[in-house]
Amino acid sequence: VAGNDNGFKNHYDDRAFLGGFTFQLTDQATFYYWLSSGKTNNKFRFGDWRFEDGGFLARQEYFIQSLCFEWKPSDRFTYVLQYNLRNDTDVRRSDFRSVDHYSSYGINQHFLYKWSDKWSTGLRVEWLRDNGRFGYITDEAANYFQLTLGLNWLWGEHCSLRPEVRYDAVCNGAARPFGNGRKQEQVSGGIGFLVGY
């Protein structure tokens, strides 16, 4: 594929592999595995991002994998357990040798309950371990926690409306990613509108 976070045009000459498989364990349980690995070039994306010793960033190489277990004990209830891992390597432009490695991993759980053909409720609980610089949130290593409660309203045959309220917190670190770098927790909300065919 044309790299990570690209649309219909590959402006940065990125290249990556994206693949996975699904395995049906039982009538109620399914296992999924996804993998994405490739590189993101510096051209136009990062500008001249400089290291502390004066070198410039040439590209980033990344490896992302996800293992997911889905269980449907009834027509109304669905449980999902997912493990994610991401490794990044920054490569210097001057000698094209690896200079820094960053990693993050986490577990998230989804509890979904279908009230009717049009209404369902979802609860997501997530933990993310950032070993520093994941997604350029902060430079600090920390544990991130998230709790999200949402509704899903099927509006018509192909449209759905999904409002949610979310709580985020960071622990075991000095990172303050919320409130413009002043807070270690926040409450937020959002709404999504999906169209599918």
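Numbers for residues simply follow the sequence, beginning at 1.
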How long is the span from the CG atom in Leu147 to the CG atom in Leu123, to the nearest 0.5 Å? 5.5 Å
Cut-off 3.5 Å, no hydrogens considered: what does the side-chain donor-acceptor table look like for residues 15-34, sequence neighbours left out?
unit_1 : atom_1 : unit_2 : atom_2 : d
Gln24  : OE1    : Thr30  : OG1    : 3.4
Gln24  : NE2    : Thr26  : O      : 2.7
Gln24  : NE2    : Thr30  : OG1    : 3.2
Thr26  : OG1    : Gln28  : N      : 3.1
Thr26  : OG1    : Ala29  : N      : 3.0
Tyr32  : OH     : Glu70  : OE1    : 3.1
Tyr33  : OH     : Gln65  : OE1    : 2.7

Judged by modelled atom types alone, do Asn84 and Ser66 share a side-chain donor-acceptor pair under 3.5 Å? yes
At what distance, to the nearest 0.5 angstrom, does OG of Ser37 lie from CG of Asn87? 9.5 Å
The test is side-chain contact (heavy atoms from CB on, under 4.5 Å); show your working for Leu35 and Phe63 and say whether it passes. CA-CA 8 Å; Leu35 166 68; Phe63 171 85; 2.9 Å; yes
Quick one: closest heavy-atom pair of Phe178 and Gln186, and the distance? CD2-CD, 3.4 Å
Pairs where residues 145-154 contributes a residue and the test salt bridge (charged side-chain N to carboxylate O under 4.0 Å, His left out) is met, not counting sequence neighbours: none
If we only count heavy atoms from C-beta on, is the Leu151 to Thr121 side-chain gap below 4.5 Å? yes
Same hydrophobic cluster for Trp155 and Trp115, using side-chain heavy-atom links shorter than 4.5 Å among ILVMFWY? yes
Do side-chain atoms of His158 reach the backbone of Gly196 as a donor and acceptor pair under 3.5 angstrom? yes
Rounded to the nearest 0.5 Å, what separation is found between the CZ atom of Arg124 and the NE2 atom of His110? 6.0 Å
Is Arg76 reaching over with its side chain to a backbone N or O of Lys114, donor-acceptor style, under 3.5 angstrom? yes
CG-CZ distance between Asn108 and Phe145, expressed to the nearest 0.5 angstrom: 13.5 Å
What is the distance from atom NZ of Lys118 to atom CG of Leu154, rounded to the nearest 0.5 Å? 5.5 Å
If you look at every heavy atom in Val80 and Cys68, which pair is closest and at what distance? CG1-SG, 3.5 Å
Do you reckon Tyr167 sits in the same ILVMFWY cluster as Leu149, going by side-chain contacts under 4.5 Å, direct or chained? yes
Mutual orientation of the aromatic rings belonging to Trp119 and Trp153 [parallel < 30°, tilted 30-60°, perpendicular > 60°]: parallel
Using the six-membered ring wherever Trp is involved, compare the ring planes of Trp127 and Tyr105 and label them parallel, tilted or perpendicular (cut-offs 30° and 60°). perpendicular
Check the pair Leu128 / Ser104 against side-chain contact (heavy atoms from CB on, under 4.5 Å), numbers first and verdict last. CA-CA 7 Å; Leu128 171 72; Ser104 64; 4.1 Å; yes
Any link between Leu161 and Leu112 through a network of hydrophobic side chains (Ile, Leu, Val, Met, Phe, Trp, Tyr) touching at under 4.5 Å? no
Might you work through the side-chain contact (heavy atoms from CB on, under 4.5 Å) test for Ile107 and Val125, ending with a clear yes or no? CA-CA 8 Å; Ile107 294 174; Val125 182; over 6 Å; no
Does a side-chain heavy-atom distance below 4.5 Å link Pro177 with Tyr144? yes
Rounded to the nearest 0.5 Å, how far apart are CD of Glu185 and CD of Gln146? 14.0 Å
